[in-house]
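Read the structure below first, then the notes.
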Amino acid sequence: MNQSFNWDAVGDSFPLLLEGFRVTLLATVLGTLVAAVLGLAIAVAGRAPSRLVTVPVKAVMEFVRATPLLVQLVGAAAVFTSVEPLTIGIVVLGVHYATYTSEVYRAGIDGVPKGQWEACRALSLSPRRTWQAVILPQAVRNVLPALGNYAISMFKETPFLAVITVQEMVFEARKYGTDHFAYTEVFTLAGLIFLVASYPTSLLMRKLEKRLGH
């Protein structure tokens, strides 16, 4: 016989899931910052004239992309045993997504008109000034929606952090479900929280993409 939906479990577990959501949100925000900054560094390094720079960068990128995020988390936790699991999770998420955001940045940089580069050379701007004042502001503006979409994807992959004992929302949901035999209720609630948090953000990214496209 099917057990009826236990609304008491929903109310009882809600504060715990909100605390887990706080950890989920923290991991997403900091992981996104790592991915954004490191991805930009990778994109710029990938354009270096020396193969001593570009070859190792590409090799590391391919390695990270070719291995599952779950394996990276478990491997990092096994190696850095003295580091807090949440810190490991944030760094691994950031590095993993940096390999993808770097491609977004690369496309944005390639999309800057060649005339902008030529104008910088004509004005005798230094390479640093060229990147900071002319190229990057245009490139970053064009790729903001894509970066936002990767942030949403990262948010939805934070449940993987539970395997290294980070007490994010799904970790709390599984723990409550095990203790109270209320898996259906608590995971339904967790799914709704994910939906409420991610869907409006995805709509915002679409609106921003259309606005920047004009």
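Worth saying up front: this structure is predicted, and the values here are computed from it rather than measured. Just so it is clear, the values below take in all heavy atoms, side chains as well, and ignore hydrogens, waters and symmetry mates.
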Q72 (side chain) donor-acceptor with V92 (main chain) under 3.5 angstrom: no
field: Distance, nearest 0.5 Å, that separates CE of M61 from OG of S102
entry: 3.5 Å
query: Hey, what else clusters with L195 if you join Ile, Leu, Val, Met, Phe, Trp, Tyr whenever side-chain heavy atoms sit under 4.5 Å?
result: Y199, L203
statement: Nearest heavy-atom approach of V104 to A146 is CG1-CB, 3.7 Å
query: Side-chain heavy atoms under 4.5 angstrom apart, residues restricted to Ile, Leu, Val, Met, Phe, Trp, Tyr: same cluster for V10 and L192?
result: no
- request: Decide yes or no on side-chain contact (heavy atoms from CB on, under 4.5 Å) for V23 and F171, but give the supporting numbers first.
  value: CA-CA 10 Å; V23 177; F171 180 94; over 6 Å; no
field: Any donor-acceptor pair under 3.5 Å from T24 side chain to M169 backbone
entry: yes
statement: Looking only at heavy atoms, the pair that brings A78 and T81 closest together is O-CG2, 3.3 Å
- line: Correct closest heavy-atom pair for V143 and G108 would be CG1-CA, 3.7 Å
message: For a quick check under 3.5 Å, do T178 and Y183 share a side-chain donor-acceptor pair by atom type?
response: yes
- prompt: Short question: side chain of E103, backbone of T99 - any donor-acceptor pair under 3.5 Å?
  reply: no
Spacing of R106 atom CZ and L40 atom CG [to the nearest 0.5 Å]: 14.0 Å
Atom of L189, atom of S13 and distance for their closest heavy-atom approach: CD2-OG, 3.7 Å
message: As an exercise, state the distance from CG of L18 to CG of L25, rounded to the nearest 0.5 Å.
response: 11.5 Å
- request: Measure the shortest side-chain to side-chain distance between F14 and I193 over non-hydrogen atoms and say whether it is less than 4.5 angstrom.
  value: yes
field: Smallest separation among heavy atoms of E157 and L69, with atom names
entry: OE1-CD2, 3.3 Å
query: Any side-chain heavy atom of L93 sitting closer than 4.5 Å to one from L161?
result: yes
- prompt: What is the distance from atom CE of M154 to atom OG1 of T32, rounded to the nearest 0.5 Å?
  reply: 4.0 Å
query: Quick one: do V140 and W117 end up in the same hydrophobic cluster if we chain Ile, Leu, Val, Met, Phe, Trp and Tyr together by side-chain heavy atoms under 4.5 Å apart?
result: yes
- request: Show your working on side-chain contact (heavy atoms from CB on, under 4.5 Å) between F5 and T184 and close with a plain yes or no.
  value: CA-CA 8 Å; F5 197 85; T184 300; 4.2 Å; yes
field: Shared hydrophobic cluster for I42 and V37 (ILVMFWY, side-chain gaps under 4.5 Å)
entry: no
Spatial distance of atom CG (N142) from atom CG (L147) [nearest 0.5 Å]: 11.0 Å
field: hydrophobic_cluster_shared for L70 and V79, side chain cutoff 4.5 Å
entry: yes
field: Exam field: side chain E185 to backbone N6, donor-acceptor pair closer than 3.5 Å
entry: yes
task: Would you mind checking if D179 and R174 are paired as a salt bridge, meaning a charged N to carboxylate O distance below 4.0 Å?
output: no
- prompt: So does R129 have more than 12 non-hydrogen atoms from other groups sitting under 6.0 Å from CZ?
  reply: no
query: When clusters are formed by joining ILVMFWY residues with side-chain heavy atoms under 4.5 Å apart, either directly or through shared neighbours, do I88 and V91 land in the same one?
result: no
task: Check whether any side-chain heavy atom of L38 sits under 4.5 Å from a side-chain heavy atom of Y97, and report yes or no.
output: no
message: Using only atom types and a distance under 3.5 Å, with no angle test, would you say the side chain of T130 pairs donor to acceptor with the backbone of S126?
response: yes
task: Taking the side chain as every heavy atom from C-beta outward, state whether Y105 and V44 have any pair of such atoms under 4.5 Å apart.
output: no
query: Less than 4.0 Å between a side-chain N and a carboxylate O, is that true for R22 and E19?
result: yes
- request: For this output row, return yes or no: ring centroids of F194 and F21 closer than 6.0 angstrom.
  value: no
Pair E62-V57, side-chain contact (heavy atoms from CB on, under 4.5 Å): steps then yes or no: CA-CA 9 Å; E62 291 301 322; V57 168; over 6 Å; no
side-chain contact (heavy atoms from CB on, under 4.5 Å) between F187 and V170, intermediate numbers included: CA-CA 8 Å; F187 277 104; V170 172; 4.0 Å; yes
- prompt: Are T87 and F80 close enough that some pair of their side-chain heavy atoms sits under 4.5 Å apart?
  reply: no
- line: Heavy-atom closest pair (A43 atom, I109 atom, distance to 0.1 Å) is CB-CD1, 4.4 Å
field: Polar contact flag, side-chain donor to acceptor under 3.5 angstrom, T158-E168
entry: no
message: Checking the side chain of S153 only, and the main-chain atoms of N149 only, is there a donor and an acceptor separated by less than 3.5 Å?
response: yes
- prompt: For the side chain of T101 and the backbone of A35, is there at least one donor-acceptor N/O pair under 3.5 Å apart?
  reply: yes
- prompt: What's the spacing between L123 CG and E118 CD if we round to 0.5 Å?
  reply: 12.0 Å
